[in-house]
Amino acid sequence: MIESAASRLAAELVARREEINRELSRNGVRFGVYKNGVYKDRLFPYDPIPRVLESDEFDELEAGLKQRVNALNAYLRDIYSEKRIIHDGVVPEEFVYTSAGYYPQVNGVTPPGGVFAHIAGEDLVQGEDGRWWVLEDNLRIPSGASYPLFARDIERRTNPRLFREVHVRDNRDYPRLLRKSMDFVSTEGIAVVLTPGRYNSAFFEHAYLAEKTGATLAFPEDLEVVENKLFFLDYAGNRHRVGVVYRRLADDFLDPFAFNPDSVIGVPGLLSAYRAGNVAIVNAPGNGAADDKAIYYFVPRMIKYYLGEEPILHNAPTYMPMFEQDRKEVLDRMGELVIKDVAEAGGYGVVFGRDLDKAKREELAEKIKTDPRRFIAQEVIQFRDIDVVDPDTGETGPRKADLRAFVVTGQNTHVWYSGLTRYSSVPGQMIVNSSQGGGFKDTWVLAPKDGRKGMTRGEEIESVSLMPHARKHSLQLVTASKADNLYWLGRYTERAFTTLVQFYPFYDRVMDEDTDAFRPFARALDLPEDFEDFDSFIHSFLYDGTNPDSVRSAIVSAFNNAVILRPELSSRLLQYVELALKNITDAAERSASAEDIYAQRDVADDMLAFWGGIENSAADMTLKAFIFIGKYIERIDLYTRFGMPMEEMEAPLRKLETYAHALDGMPLPQCFADGVSWLLGQLPQRGYPELNGRLQEFLDDFGQRSIRNDIKDPGALSSMNMDARRP
């Protein structure tokens with residue numbers, strides 16, 4: 001029954017793969033890739049055929065994964081303290097101290113709660129004989145949990161009846177497990193997710209997990225260390241004590257005072273606060289000493305040494321060129337083995353000897369002889385193919401795939417009932433990493449048939465219920481840069497909406513009369529009026545991404561401001577900005593077709609849906625006010641540009657007053673005062689002197705309370721380039 005339901009549901013997911021991918025796209029489920037020095041934000045390819053794991057099979061994996069991660073945590077505690085495993089000769093000291101991931105800076109430090117690897121990403125493959133092999137332990141900043149987490153929500157809604165019949169173990173508890181681990185190790189203060197920035201390859205995940213765990217998404221410039229304590233700075237310059245940091249940047253860049261002094265994305269002094277026990281860091285600095293590919297060789301020994309148990313999961317047969325006998329084996333069998341550079345990650349530095357010609361093998365052999373610690377070699381495991389739908393042809397074909405299982409450790413160790421199945425984009429290719437162009441699919445863990453280990457309904461509801469703090473993001477935890485983002489988000493969305501609404505009547509006049517009828521529209525927006533080719537002008541105004549005054553540029557800028565506000569706005573509301581971006585991009589590609597000119601009305605509808613969602617959301621009223629004050633300042637600017645009658649100004653003025661009252665007594669970002677001040681200077685020449693008095697009241701109020709922050713990262717802001725004459 002279950003197998004039949006699973007097959008039917010998988011078939012339905014395949015049939016609706018385009019709809020699912022559209023849903024992923026509109027929700028910003030992306031993975032960034034740098035290629036030739038250029039960052040490209042792309043949809044993470046999703047395959048609708050799930051990987052299905054039987055309950056008993058997963059139970060064995062679960063036991064083995066817990067065992068392995070517990071041993072790795074014990075190893076990290078040991079090598080940064082007593083070093084018993086070295087003294088007892090189980091792991092040679094030269095392997096420990098020559099590891100690129102070993103940091104003497106954290107020697108002698110026991111993290112809060114005694115946990116080093118709070119989140120482990122264990123990469124496994126299943127051999128053709130059904131046996132599971134561990135290929136790598138990822139204990140630094142393993143990524144990828146958010147993708148199956150998000151995809152499952154879409155799959156669940158595709159056919160709820162069939163999904164219930166399949167009895168897949170629920171995967172929605174990952175944020176709860178993560179937050180419980182963070183709370184367990186937290187010292188005094190709030191929880192933050194530290195992201196290196198918008199253009200990190202996994203930024204979607206950083207923002208999404210901040211949203212789901214209720215943590216605050218922080219950029220390095222939002223944090224500072226004072227007297228060995230870590231603080232989060234809000235937009236008014238107030239400090240909030242931080243108790244736990246879920247960091248998503250590498251050790252080398254974490255603290256320029258302690259690690260790489262050239263790092264511009266770290267938090268100076270963070271390691272001092274950590275060493276003093278005043279903040280927990282998830283995962284702990286120095287964890288690379290345990291997921292070094294050479295240390296992998298010793299994990300079975302760790303399990304026996306620390307736990308007194310036989311390993312449940314298998315290591316791939318591995319050779320260490322530092323050992324003379326192993327080095328001879330590797331050099332003799334270069335054409336049969338896979339060689340890995342221990343310092344590389346993401347599928348880089350992996351070479352299959354069979355793919356090298358004689359000269360390349362000899363070159364690699366010399367490197368191994370010169371620096372044997374740099375490499376390991378492994379037997380090639382012929383792991384199973386799984387079916388993938390070709391996105392171009394729609395045909396199903398085999399691809400190599402691995403499984404990244406996630407193990408979360410806090411007071412206890414838990415294995416997530418899901419995982420990231422990554423597959424190769426090329427038939428036969430054995431490197432499946434997303435950074436190498438691979439895609440992902442969901443991993444279904446079936447519930448036991450007799451219900452022995454299945455959750456009761458009450459337990460399931462408790463495990464997936466949203467924590468109260470996961471929905472509340474108050475203005476007091478908004479940074480200076482995010483305050484500006486909220487304000488400019490209001491302005492950009494309004495600009496896209498109003499210019500489109502005003503565009504159509506002028507466009508209709510052009511159709512009825514001549515191109516001269518469009519010149520007042522261009523004049524109102526300070527656009528060039530000397531156009532000869534009207535169609536080219538329309539294309540430039542609507543679709544040209546290089547024109548800062550185009551509708552497309554306004555929507556792109558709205559998106560750039562919105563995308564870092566996911567925890568504050570929620571994925572549900574952010575999707576409307578994503579959808580507007582997709583609509584304008586698609587329309588630009590079809591812009592040669594005259595009948596598509598009215599497709600832009602969809603963009604205006606997206607803006608209306610976004611504002612309505614914000615207004616009706618549970619977000620803090622003061623946070624909403626930052627968006628809507630920007631929106632109505634922009635509306636008054638545009639209405640006066642278009643010469644609308646004074647009575648049309650009454651509604652946006654009342655709205656402005658309403659939202660300003662919500663901020664009575666609060667400090668305000670300088671951008672509010674700057675926006676009103678600039679507008680006041682324009683109104684007399686536009687013929688609206690009567691507006692000055694009312695807006696001057698706003699300026700006086702804003703000016704008395706405005707804060708001019710010294711933004712550490714000006715690139716984090718997206719200020720509006722309305723026209724060439726605007727400062």
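None of these values were measured; they are calculated from a predicted model.
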*How far does NZ of K631 sit from CE of M607, to the nearest 0.5 angstrom?*
10.0 Å
_With a 6.0 Å cut-off (strictly less than), is the heavy-atom count around CD of Q696, excluding the residue itself, greater than 12?_
yes
*Check whether any side-chain heavy atom of L223 lies under 4.5 Å from a side-chain heavy atom of L194, and answer yes or no.*
yes
*When rounded to the nearest 0.5 angstrom, what is the spacing between CG in L579 and CG in D602?*
8.0 Å
*Please examine the side chains of V264 and F253, heavy atoms only from C-beta on, and report whether any two atoms are closer than 4.5 Å.*
no
*Ignoring hydrogens and angles, state whether a donor on the side chain of T493 or W611 is under 3.5 Å from an acceptor on the partner side chain.*
yes
*How long is the span from the CG atom in D442 to the CG atom in L149, to the nearest 0.5 Å?*
9.5 Å
*Dump the intermediate steps for side chain to side chain contact (heavy atoms under 4.5 Å, CB included) on R635 and L638, then the final yes or no.*
CA-CA 5 Å; R635 177 163 290 190; L638 290 171; 5.9 Å; no
*What closest approach, in Å, do G613 and L573 show between heavy atoms, and which atom pair accounts for it?*
CA-CD2, 3.4 Å
*Find out whether N485 and I564 are in side-chain contact, i.e. whether some heavy atom of one side chain is under 4.5 Å from a heavy atom of the other.*
yes
*Could you state the interatomic distance from CD (E23) to CD1 (I154), rounded to the nearest 0.5 Å?*
5.0 Å
*Hey, mind stepping through S143 and H206 against side chain to side chain contact (heavy atoms under 4.5 Å, CB included) and telling me if it holds?*
CA-CA 9 Å; S143 64; H206 306 170; over 6 Å; no
*Chi angles and distances behind the ring pair (Phe, Tyr, Trp, His ring centres under 6.0 Å) call for Y492, F559*: CA-CA 9 Å; Y492 277 123; F559 170 78; over 10 Å; no
*Closest heavy-atom contact between F440 and A151?*
CE1-CB, 4.0 Å
*Can you tell me how far CD1 of I636 sits from CG of L695, rounded to the nearest 0.5 angstrom?*
5.5 Å
*Identified salt bridge (Lys or Arg N to Asp or Glu O under 4.0 Å) partner of E634 from the options R641, K655, R491*: R491
*Taking the side chain as C-beta and beyond, is there a heavy-atom pair between Y639 and T498 under 4.5 Å?*
yes
*Minimum heavy-atom separation for I614 to K624, with atom names?*
O-CE, 3.1 Å
_In terms of relative ring orientation, are F204 and Y208 parallel, tilted or perpendicular, with 30° and 60° separating the classes?_
parallel
_Donor-acceptor contact present, side-chain R705 to main-chain M666, <3.5 Å_ = yes
*asked:* Set out, in order, the CA-CA distance, both residues' side-chain angles and the distance that settles side chain to side chain contact (heavy atoms under 4.5 Å, CB included) for E568 and D620, then state yes or no.
replied: CA-CA 9 Å; E568 290 80 14; D620 191 293; over 6 Å; no
*Do we see a donor-acceptor contact under 3.5 Å between the side chains of D234 and H240?*
yes
_Can you confirm whether F541 sits close enough to L525 that some side-chain heavy atom of one is under 4.5 Å from a side-chain heavy atom of the other?_
yes
*Closest contact, heavy atoms only, R495 versus P548*: NH1-O, 3.5 Å
*asked:* In the structure I gave you, are the side-chain heavy atoms of E155 and P48 within less than 4.5 Å of one another anywhere?
replied: no
*Counting only N and O atoms by type, is there a donor-acceptor contact under 3.5 Å from the side chain of S550 to the main-chain atoms of N547?*
yes
_Quick check against the 3.5 Å criterion: does T585 have a side-chain atom that pairs as donor or acceptor with the backbone of L581?_
yes
*Can a donor-acceptor pair be found between the side chains of E12 and T158 at a distance below 3.5 Å?*
no
*Would you say the side chains of Y246 and R248 form a donor-acceptor pair under 3.5 Å?*
yes
*Without swapping roles, check the side chain of N616 against the backbone of G612 for a donor-acceptor pair under 3.5 Å.*
yes
*Do L691 and M649 touch side chain to side chain, with heavy atoms closer than 4.5 Å?*
yes
_Whether R686 side chain and Y688 backbone form a donor-acceptor pair below 3.5 Å_ = no
*Single hit among L653, L656, I627, D637 for side-chain contact (heavy atoms from CB on, under 4.5 Å) with Y632*: L656
_Show, in sequence, the C-alpha distance, side-chain angles and deciding distance for I707 and L668, and conclude whether the side chain to side chain contact (heavy atoms under 4.5 Å, CB included) test is met._
CA-CA 6 Å; I707 299 169; L668 299 171; over 6 Å; no
*Would you call Y235 and P667 a side-chain contact if the rule is heavy atoms closer than 4.5 Å?*
yes
*Output the distance between atom CZ (F642) and atom CD (E648), rounded to the nearest 0.5 Å.*
13.0 Å
_Closest non-hydrogen atom pair, L249 against G266_ = CD1-CA, 4.5 Å
*Are any side-chain N or O atoms of E697 and backbone N or O atoms of R694, one a donor and one an acceptor, separated by less than 3.5 Å?*
no
*R152 backbone acceptor or donor facing R157 side chain under 3.5 Å*: no
*Measure up the F672 and F626 rings against each other and bin them: parallel (under 30°), tilted (30 to 60°), perpendicular (over 60°).*
perpendicular
*Test side-chain hydrogen bond (donor to acceptor under 3.5 Å, both in side chains) applied to E211 and S571, step by step*: CA-CA 8 Å; E211 175 194 357; S571 294; 2.7 Å; yes
*With distance as the sole test, does D222 use its side chain to make a donor-acceptor pair with the main-chain N or O of A218 at under 3.5 Å?*
no
*Applying side-chain contact (heavy atoms from CB on, under 4.5 Å) between L565 and each of L623, L489, L574, report the one that passes.*
L489
*Polar contact flag, side-chain donor to acceptor under 3.5 angstrom, Q670-D674*: yes
*Does D47 use its side chain to pair, donor to acceptor, with the backbone of V389 at less than 3.5 Å?*
yes
_Steps toward salt bridge (charged side-chain N to carboxylate O under 4.0 Å, His left out) verdict (K582, E578)_ = CA-CA 6 Å; K582 184 177 188 306; E578 294 263 4; over 6 Å; no
*Judged by modelled atom types alone, do Q704 and D700 share a side-chain donor-acceptor pair under 3.5 Å?*
no
*A483 and V478: which non-hydrogen atoms are nearest, and at how many Å?*
N-CG1, 3.5 Å
_E224 (side chain) donor-acceptor with F232 (main chain) under 3.5 angstrom_ = no
